[in-house]
Amino acid sequence: MKCIKCGRNVGSDGFCTCCGFENKHIEKAYNTANYYYNQGLEKAQMRDLSGAVIQLKKALKYNKCHKDARNLLGLVYYEMGEGGKAYIEWRNSARLNTVEENLANLYIREMEEHPAIFEEINETAKKYNLALSYAKQGSDDLAMIQIKKVLSITPNFVMGHLLFAVLHMRAGDNQAAKNDLNNALAVDNYNTTARRFLMEMGEGAGPAPDKIPAEALKPDNENLKNVRPVDHYEDPNKETWKQFVYMLIGLAIGVIAMFVLVIPSVKAGVSVDYNSLKKEYKETVEAKDGEISQLQDDKESLEAQNKKLTKALKVYEGSDGEDSMYDSILLAYQAYSKGDYVECAKQLSNVDEESLPSATSKTLYKTMKDTAYPKASSQLYQSGKALYDRYKYEDAKKDLRDAYTYSDHDYETLYLLAMCYKRLGDTKTATPYFYDIINNSGNEDLIRKSANYGLEVLVNEAKEQAAASVNGGKTTEAADEKETTTEKDDEKSTTKATTETKKTTGTTQKKQTTTQED
């Protein structure tokens, strides 16, 4: 035996040979633990599982590190359908006995390699606790539903069978309760609770009642002195048609009474309730409509107020980390004073004239804008054109776009900007610019260049469609008709553009002639 204090050997006198600690009481406790372990093992072998649990718990009370007792207790729990308790006992056994080989490690590993076991344990515990709660509340039907699910997951759960038996006994179904108790005893043969329930149901052995002697049945016996003969007796099997007629008459009277008395009163009550509910519903709907209308008005008022305040806040403080309008005006004025009209126009583009609160700020804004915008547009046009001539279309595009923004529909700038997009291959953006020039510029040279570009785009699209049709093997008469229609539409578009150009040019010349005459 090892000393419990220092781990050295203990002498025959019960004292440690190293530290002198008296271990005889510990040895006695260990012997007692072994005794109860043997008792628990014997009961487990006889399938007295509940008795084995009691004995093994006593063994662990005297020696909590008793490896075999704790492992056996876990096996007994697992056999009774309580896998959670079994896992806890095996974990404690592995923690308290780490030196020598421990079968608890094997049991733990087998459980952890199959996560479905833990899911079944959790579901069993949850549903059993829920069923127990329903049973305490008196909801036996719900409790039975839950306990059926528990037993379908864990058929050897002894506590579940006992609870099921109690529920059946409360419902008056003693035969089903007897089956449940027998199922519990099939797992735990000597379960005292199940055996007590069976005795309460009268299944236990008891003395048989004495037979009544034949003399007790004689007519002159005291037991029969108050029995009187029947004056008239009629066989119930005769004239059964009368009973059938009486039954039909009673049924007819019941139906008539129902139609005369019950149904009219029910209809009247239903009608009154319906009208009352209809009136109440109408009043509720009208009240809710009024509330919705009021809330909608309040919402619109608050949105307008919020928009106004946001606009004012942007003037003074800015938004989203940007400078306020006053800051932009100050920066624009500084650039204006230095003659940097491009920077001045850039800062003025951040200002909303209508949001400026004072007449002075609006006057200053208008003065700088009238001067800076044309000059900035001219400077940016020159720089953009220079970059365009050097084939730097990406840089030229930025300057030309700003130049067009600051100009008042300068179509020379717009044409050059469209050409930048064209050179960069962005025909989707360039095409609307060319159409704008054709429809609105009035410049014959720009219209002609833009119209030629539009025709070029249409021809290229037709070529691409024809090539796709040839490559796909789908060159049909319908495709030829579509190409012919496209060419006609192109000719019509070109003719229309040329006509509009001539009309515009004629109108312009007419205006010039009139001006000269004046």
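Minimum heavy-atom separation, Ala135 to Leu167: CB-CD2, 4.0 Å. Taking each heavy atom of Ala403 and Ser377 in turn, the nearest pair found is O-OG, 2.9 Å. Ala194 and Asn191 get closest at one heavy-atom pair: N-OD1, 3.0 Å. In terms of heavy atoms, Glu110 sits closest to Ile117 at O-CD1, 4.3 Å. Here the closest heavy-atom approach between residue Gln379 and residue Val342 is recorded as OE1-CG2, 3.3 Å. Residue Leu162 comes nearest to Ala184 through the heavy atom pair CD2-CB, 4.1 Å, listed as atom of the first residue, atom of the second, then distance.
Thr363 OG1 to Lys366 NZ: the interatomic distance, rounded to the nearest 0.5 Å, is 9.0 Å. From Lys398, atom NZ reaches atom CG of Leu380 across 8.0 Å, with rounding to the nearest 0.5 Å. Atom CG in Asp188 sits 11.0 Å away from atom CG in Asn156 (nearest 0.5 Å). Between the CG atom in Asp389 and the CG atom in Leu416 there is a gap of 7.5 Å [rounded to 0.5 Å]. For the atom pair CZ (Phe434) and OG (Ser441), the distance works out to 12.0 Å, reported to the nearest 0.5 Å. Note: Asp370 CG to Met368 CE = 10.5 Å, rounded to the nearest 0.5 Å.
A heavy-atom distance below 4.5 Å is not found between the side chains of Tyr134 and Ile145. At a threshold of 4.5 Å between non-hydrogen side-chain atoms, the residues Tyr281 and Lys278 do not count as touching. A heavy-atom distance below 4.5 Å is found between the side chains of Leu181 and Met201. Contact of the Arg423 side chain with the Tyr388 side chain is registered, since non-hydrogen atoms from C-beta on lie closer than 4.5 Å. You'll find the side chain of Glu412 reaches within 4.5 Å of the side chain of Asn443, heavy atoms only. Tyr381 places none of its side-chain heavy atoms less than 4.5 Å from the side chain of Asp399. Side-chain contact between Gln294 and Glu291 is absent, with no heavy-atom pair separated by less than 4.5 Å. Contact check for Arg401 versus Tyr421: side-chain heavy atoms found under the 4.5 Å cut-off.
The neighbour count for Met159 CE, taken as heavy atoms of other residues, nucleotides or ligands under 6.0 Å away, does not exceed 12. For CG of Asp141, the number of neighbouring non-hydrogen atoms (other residues, nucleotides, ligands) closer than 6.0 Å is 12 at most.
Put simply, the side chain of Thr124 gets close to the backbone of Glu120: a donor and an acceptor are under 3.5 Å apart. Here the side chain of His161 pairs a donor or acceptor atom with the backbone of Pro155 at under 3.5 angstrom. Within the 3.5 Å criterion, the main-chain N or O of Asn92 finds no donor-acceptor partner in the side chain of Arg70. Judged by distance alone, the side chain of Thr431 and the main-chain N or O of Thr427 form a donor-acceptor pair under 3.5 Å. Remark: side-chain polar atoms of Thr284 are paired, donor with acceptor, to backbone N or O of Glu280 under 3.5 angstrom. Asn439 places a side-chain N or O within donor-acceptor distance of the main-chain N or O of Tyr435, the cut-off being under 3.5 Å. Checked by atom type and distance alone, the side chain of Ser301 never pairs as donor or acceptor with a backbone atom of Asp297 at under 3.5 Å.
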query: Given the rule in the side-chain contact (heavy atoms from CB on, under 4.5 Å) test, do Lys449 and Asp445 qualify, once you have shown the distances and angles that lead to the verdict?
result: CA-CA 6 Å; Lys449 293 178 181 179; Asp445 185 40; 3.5 Å; yes
message: With side-chain contact (heavy atoms from CB on, under 4.5 Å) as the criterion, how do Leu446 and Tyr415 come out once you've worked through the C-alpha distance, each side chain's angles and the decisive distance to 0.1 Å?
response: CA-CA 7 Å; Leu446 293 179; Tyr415 176 76; 3.9 Å; yes
task: Output, in order, the C-alpha distance, side-chain angles, deciding distance and verdict of side-chain contact (heavy atoms from CB on, under 4.5 Å) for Leu185 and Leu198.
output: CA-CA 11 Å; Leu185 291 174; Leu198 285 173; 3.7 Å; yes
task: Show your working on side-chain contact (heavy atoms from CB on, under 4.5 Å) between Arg91 and Ile88 and close with a plain yes or no.
output: CA-CA 5 Å; Arg91 292 289 296 180; Ile88 293 172; 5.7 Å; no
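Here Tyr373 pairs with Tyr406 under the ring-ring contact (aromatic ring centres under 6.0 Å, His included) rule; sequence neighbours left out. For the side chain to side chain donor-acceptor pair (under 3.5 Å) test, residues two or more places apart in sequence or in another chain that qualify with Tyr87 are Glu112. When the ring-ring contact (aromatic ring centres under 6.0 Å, His included) test is applied to Phe157, the partners found at least two apart in sequence or on another chain are Tyr128. Among residues two or more places apart in sequence or in another chain, the side-chain contact (heavy atoms from CB on, under 4.5 Å) test is passed with Glu123 by Lys127, Ile153. With sequence neighbours excluded, the residues forming a ring-ring contact (aromatic ring centres under 6.0 Å, His included) with Tyr107 are Trp90, listed by chain and number. Under the ring-ring contact (aromatic ring centres under 6.0 Å, His included) criterion, Tyr78 pairs with no residue, sequence neighbours left out.
Side chains of Asn174 and His168: a donor-acceptor N/O pair is absent below 3.5 angstrom, by distance only. Counting only N and O atoms by type, the side chains of Ser407 and Asp410 include no donor and acceptor under 3.5 Å apart. For the residue pair Asp426 / Thr429, a side-chain donor-acceptor distance below 3.5 Å is found, with atom types taken as modelled.
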